[in-house]
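Order of the sequence lines fixes the chain letters, A, B, ..., with proteins taken first and strands second; residue numbering starts at 1 for each chain. Keep in mind that what you see is a predicted model, and the values were worked out from it rather than measured.
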2 protein chains.
Amino acid sequence: MSTIRDVAKEAGVSVATVSRVLNNKGYSHEDTKKRVNEAIKKLKYKPNEVARSLFNKKSRLVGLLLPDIRNPFFPELARGVEDEMQEQGLHLIIGNADEKPEKEIEYIQTFKQNNVIGIISATNHAETTPYKNLSFPVVFLDRTTNSHPSVYGDGYNGGKKAAYEIIRRGSKRIALLRGPAELMTAQDRFKGALDELCNSNVDFHVISSSFSFDDAEKMAITLFENYPDIDGVIASNDLSAAAILHEALRIGRSIPNDIQIIGYDDIPLSRLLFPPLSTIRQPAYDMGREAAKLLMKIINNKPLLQKNIQMPVTFIERQTTRKVEEND
Amino acid sequence: MSTIRDVAKEAGVSVATVSRVLNNKGYSHEDTKKRVNEAIKKLKYKPNEVARSLFNKKSRLVGLLLPDIRNPFFPELARGVEDEMQEQGLHLIIGNADEKPEKEIEYIQTFKQNNVIGIISATNHAETTPYKNLSFPVVFLDRTTNSHPSVYGDGYNGGKKAAYEIIRRGSKRIALLRGPAELMTAQDRFKGALDELCNSNVDFHVISSSFSFDDAEKMAITLFENYPDIDGVIASNDLSAAAILHEALRIGRSIPNDIQIIGYDDIPLSRLLFPPLSTIRQPAYDMGREAAKLLMKIINNKPLLQKNIQMPVTFIERQTTRKVEEND
DNA sequence: TTGAAAGCGCTACCAC
DNA sequence: GTGGTAGCGCTTTCAA
């Protein structure tokens, strides 16, 4: 690996000059520029990012903190963030907080120690101390906070839509999954659905659930044991919806005739389920991209039109809900 | 952010001493150690990893290159790698090569420029130049190479098993999906299945397929159009299996009575499909962990028992294959 | 327009 | 056992 010294020697100039043409800063003669650039090419010189970072106190790295990389929703977010960052010549250190605050703190530490220029975090603890007094900006993704800029899906309306669509299609005894109590996004969609349910003439049960794979299956089994008469489920995310769909078919219910199911997120696999899952779509990829853009704006001191960006969600009608009569 | 100087001043010693107790190198008096450690705590000092890295030419970062973060198999690998690294106090820069060689090269560049201590790569281009002449070790994951250390599933036997189990359960006209031709792992499992099919009295068709979401669905549709009489499908991975399962049910085939389907990978969602997918399980999480361990051994110059670690695969019997008669 | 030199925070050598 | 100091590769004054 050649250094700036080698380039300077090769081009017959000083390292200062090389640095200047490298960064397009200060003056430098066209001819000198040319010679330097030739030397760079010849030696295949790439600046040492670590040395740069040490001096500038800024790397080209952005920290991305995910709560659970196994939930397909998050890789989708990550892709959006990554693609946008890549276009800006930036790179990602991805940390998987695994829903554990200690891990989260550790990763933030690492991000700091590596001079990241910013953090995008999709974890559940936006209001906790590790995010305070940071010397670089933090953007929350898929989380609502007032303390920080953020990008998130319109959970309240999503929940409302889910309830509206399932009621409209004739479910009368609905199970409403609540999702983790500490998760604002889960609670938003829950509240939306709750409000809609309260305003209509249907019975419903509220059931606590987690967002993880392992819990989803167990929850599905107990759900049907405890409430065998339900004819509609509003799930807290697609993972739970998949588990419920699966269990419903296993015990011989017909979908969507006996039971309608509606998910949340629209992860890529939802349309590969059978029957394909009706769900509330969050534009995960775009949310990731927006968060990256927002972070870049903050870093570059560009004016912010809005600090908290709410993304619209849409009902995706597939086949776990019944067709609605045309003349509703 | 306090520096080593601040700590030295606080403890009334030199920076050299602080560095020594920090790294447990060279001599230092117990009392001095204590004082230094107190100063560290008091100032909440964390060493600047960038400065360390500049001097040592080694960071605490490991590059992880994934071909497609959206395929749930890879996050699973990533988790294994991450958990092992985390226990070693190391962190990951994750790059998503997106099956594009340019992106791959760019990420390797970034890894270099950030002084990673090693790379774990799950991409398809192990034999290409970017991996040559690197100053740090590379371990390939989910890829067979002789040029580098690697950890991979036993694809040949996996394919063989898949064919064996489906034939044993009575399929007579089988579609064998081939997976991407350039992907060694895909070809291994293909060859295994092929050999097994050739040694038995069944008809079969070989069909090319990709590993991606988007292609899987189209492929499934044409598959049944072109070969309406098949009664068994050996898929190249679980994603394609899901697409086929889905399409088969859509056109009214009964699973597993009319058609048996067997997948490959055992991604977390496979058991949530309906019917739950029979598949060949690759121990993705463990493979990730093994790859991380292997890399660490190489970095620490520990003796290697084996440079290429093949992990066993197992048949997971779920419900897209028929029950076998007890007295086979 | 260019170059010499200081210094980012750290480690390791060498002298005491 | 401990401290002074050079230097990792880079950027940025400041003088020339």
Side-chain angles (χ1 to χ4, degrees), chain A residues 1-37 39-40 43-61 89 109-117 135-136, chain B residues 1-37 39-40 43-61 89 109-117 135-136:
Chain A
M1 210 72 187
S2 45
T3 75
I4 199 170
R5 289 198 122 69
D6 304 326
V7 177
K9 204 172 288 176
E10 177 71 28
V13 296
S14 76
V15 293
T17 305
V18 177
S19 175
R20 255 179 258 121
V21 335
L22 219 50
N23 299 293
N24 262 318
K25 270 182 192 167
Y27 300 94
S28 51
H29 199 283
E30 273 306 316
D31 297 353
T32 328
K33 259 188 204 166
K34 204 174 286 175
R35 265 189 307 154
V36 170
N37 283 323
I40 288 176
L43 299 177
K44 292 187 187 153
Y45 167 73
K46 303 273 177 211
N48 180 325
E49 285 297 333
V50 177
R52 279 187 159 173
S53 167
L54 178 60
F55 185 91
N56 295 323
K57 297 178 191 309
K58 275 187 183 184
S59 69
R60 287 174 191 239
L61 265 16
Q109 231 2 298
T110 308
F111 292 163
K112 261 198 228 171
Q113 289 177 305
N114 284 286
N115 281 353
V116 297
I117 55 175
S135 58
F136 44 77
Chain B
M1 209 73 187
S2 46
T3 76
I4 199 171
R5 287 198 124 69
D6 303 325
V7 177
K9 203 172 290 177
E10 176 72 29
V13 296
S14 75
V15 291
T17 304
V18 177
S19 176
R20 255 180 259 120
V21 334
L22 220 50
N23 300 291
N24 260 319
K25 271 182 190 166
Y27 301 91
S28 51
H29 199 283
E30 274 305 316
D31 295 354
T32 328
K33 259 186 205 168
K34 203 172 288 175
R35 263 190 307 152
V36 170
N37 283 323
I40 288 177
L43 299 176
K44 292 188 188 153
Y45 167 73
K46 302 276 176 208
N48 180 325
E49 285 298 333
V50 177
R52 279 186 158 172
S53 168
L54 179 60
F55 184 91
N56 295 322
K57 297 178 193 311
K58 275 185 183 187
S59 68
R60 287 173 192 241
L61 263 17
Q109 228 9 290
T110 309
F111 291 165
K112 263 197 227 171
Q113 290 178 304
N114 284 286
N115 282 351
V116 298
I117 54 176
S135 59
F136 45 78

Legend entry - Between C:dT2 (C1') and A:Asp31 (CG): distance, integer Å: 14 Å
Legend entry - All salt bridge (charged side-chain N to carboxylate O under 4.0 Å, His left out) counterparts of B:Lys57, not counting sequence neighbours: none
Legend entry - side chain to side chain donor-acceptor pair (under 3.5 Å) involving B:Asn114 - partner list, sequence neighbours excluded: none
Legend entry - A:Lys112: partners by side chain to side chain contact (heavy atoms under 4.5 Å, CB included), with sequence neighbours left out: A:Gln109, A:Leu134, A:Phe136, B:Met1
Inset, instruction - Please tell me if the side chains of B:Thr3 and B:Val15 come closer than 4.5 Å, counting only heavy atoms from C-beta onward. - result: no
Legend entry - Residues that A:Asn48 engages under side chain to side chain contact (heavy atoms under 4.5 Å, CB included), provided they are two or more places apart: A:Val50, A:Ala51, B:Leu54
Legend entry - salt bridge (charged side-chain N to carboxylate O under 4.0 Å, His left out) partners of A:Glu49, counting only residues at least two apart: A:Arg52, A:Arg60
Inset, instruction - Name the first nucleotide and the last nucleotide along DNA chain D (5' to 3') that come under 4.0 Å of a heavy atom in chain B. - result: D:dG1 to D:dG9
Legend entry - Protein-to-nucleotide contact annotation, 5' to 3' order, nucleotides 6-16 of chain C [B base; S sugar-phosphate only; - none; under 4.0 Å, heavy atom]: -BBBSBB----
Inset, instruction - Please name all residues satisfying side chain to side chain donor-acceptor pair (under 3.5 Å) with A:Ser14, sequence neighbours left out, ordered by chain then number. - result: A:Thr17
Legend entry - Net bend of the helix from C:dT1-D:dA16 to C:dC16-D:dG1, end axes of five pairs each, nearest 10 degrees: 50°
Inset, instruction - With heavy atoms under 4.0 Å as the rule, sort A:Thr32 into base, sugar-phosphate or nothing. - result: sugar-phosphate
Solution key, residues 25-32 of chain B side-chain donor-acceptor pairs under 3.5 Å, sequence neighbours excluded:
residue	atom	partner	partner atom	Å
B:His29	ND1	B:Asp31	N	3.0
B:Thr32	OG1	B:His29	O	3.4

Inset, instruction - Check B:Ser59 against B:Ile117 and note the closest heavy-atom contact, atom names and distance. - result: O-CG2, 3.0 Å
Legend entry - side chain to side chain donor-acceptor pair (under 3.5 Å) against A:Glu10, all qualifying residues, sequence neighbours excluded: A:Lys42
